Asks: 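So that we are looking at the same thing, I have put the structure below in structure tokens.
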Amino acid sequence: MKEKLEALRVKALGELETLETPKELEEFRVRLLGKKGEVTELLRGMGALPAEERPKMGQLINQLRSELEAALSEREKNITTLLKEKRLKEETLDVTLPGTKKKEGGLHPLNIVLNDLIDIFQSMGFDVVDGPEVETEHYCFEALNVPKDHPARDMQDTFYLAENLLLRTQTSAAQARTMEQRKPPIRMICPGRVFRADEVDATHSPVFHQVEGLVVDKGITLCDLKGVLEQFAHEIYGPETQVKFRPSFFPFTEPSVEVDVTCSECGGKGCRVCKGTGWIEILGAGMVHPRVLAGCGIDPEEYTGFAFGIGLDRLTTTRYKISDIRLLFENDQRFLEQF
Ligand code: PHE
């Protein structure tokens, strides 16, 4: 029994030196000194000893117990110091090291131009409305007087999601929605993404951006349309910019116009950007077709209106002299950082 005690003592003290974490120490304590621990078991086993050996053995076991307890708390202290030292070493800060700079975010050029545009139109009394990108044939075409056999409805131009459900090809869809919901006077713009099944190249993308505008009130004329759009062009491109209204055709406006401004790159002399013409087309517009007004429950005898659709991507590329529309969609940080 005595030898057994000594062997346990040597083994336990040796093991203690190898323990490195508080968790290991606790496991050690339970295994030896706990209720079912080895030392406790020894005490229990004393019953089997002859009566005269019991006091002596009891004393020895209790001695071992105290010795182990003392060694345990000593080791605990050492470990705590070791851990602390290790942590201090790991967490040292070298304040002389150069810092790593966080990249600063910024507005996308499309949003910069859009914000300017919103400012300009809000100052003229327009409010900003939102419209869904997934539209019905009704709002994208029917309500806008686009007949069933019109090429714009062709599967080749329009992304259909289901029968009667499509990705809007023009923000004009928001015109009909607004006129159905509100009574005149109406003065709104609706910026947003539009989708057309176009091949991608330097000037085309299947996703692009328009800003729709709509004004409906009593006595609105083509003069009002010209005034508003000239004001807008001068604020965006500068007061020296000339604005040209060309007759055009859209099913939902009558008469219809397309609006060109003098090229911001060459000032109208003709260059690569304007393909030598001196002019850049920025929008389509016209007087809201009486049939469209009537279809939305607005009496065309009482009210007239005008609408326009600005190509935001074109506005942005000409303003910043961006040579390829694809740059607007690639999210290349080296490009975006320049704005
Ligand atoms: N929706 C037309 C287009 O996408 C532009 C437009 C808007 C024309 C409003 C007239 C009035 O080409």
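Side chains are part of it too, since the values below use all heavy atoms of this structure and drop only hydrogens, waters and symmetry mates. In each ligand, atom 1 is the first atom listed, and ligand 1 is the first ligand listed. A quick note: this is a predicted structure, and the numbers were derived from the prediction, not measured.
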Asks: Give a yes or no answer on whether the side chain of S256 reaches the backbone of F250 with a donor-acceptor pair at less than 3.5 Å.
Replies: yes

Asks: Can a donor-acceptor pair be found, under 3.5 Å and without considering hydrogens, that links the side chain of R168 to the backbone of R193?
Replies: yes

Asks: Could you label the plane-to-plane angle of the F121 and F126 rings as parallel, tilted or perpendicular, counting under 30° as parallel and over 60° as perpendicular?
Replies: perpendicular

Asks: Taking only residues two or more places apart in sequence or in another chain, which ones pass salt bridge (Lys or Arg N to Asp or Glu O under 4.0 Å) with E91?
Replies: R87

Asks: Any side-chain to backbone donor/acceptor pair from R31 onto G37? Under 3.5 Å, distance only.
Replies: no

Asks: Which protein residues come within less than 4.0 angstrom of ligand 1, counting heavy atoms only?
Replies: Q170, S172, Q175, R196, Q210, E212, F250, F252, T253, G284, A285, A307, F308, G309

Asks: Find the distance between CG (L165) and OG1 (T136) and round it off to the nearest 0.5 Å.
Replies: 7.5 Å

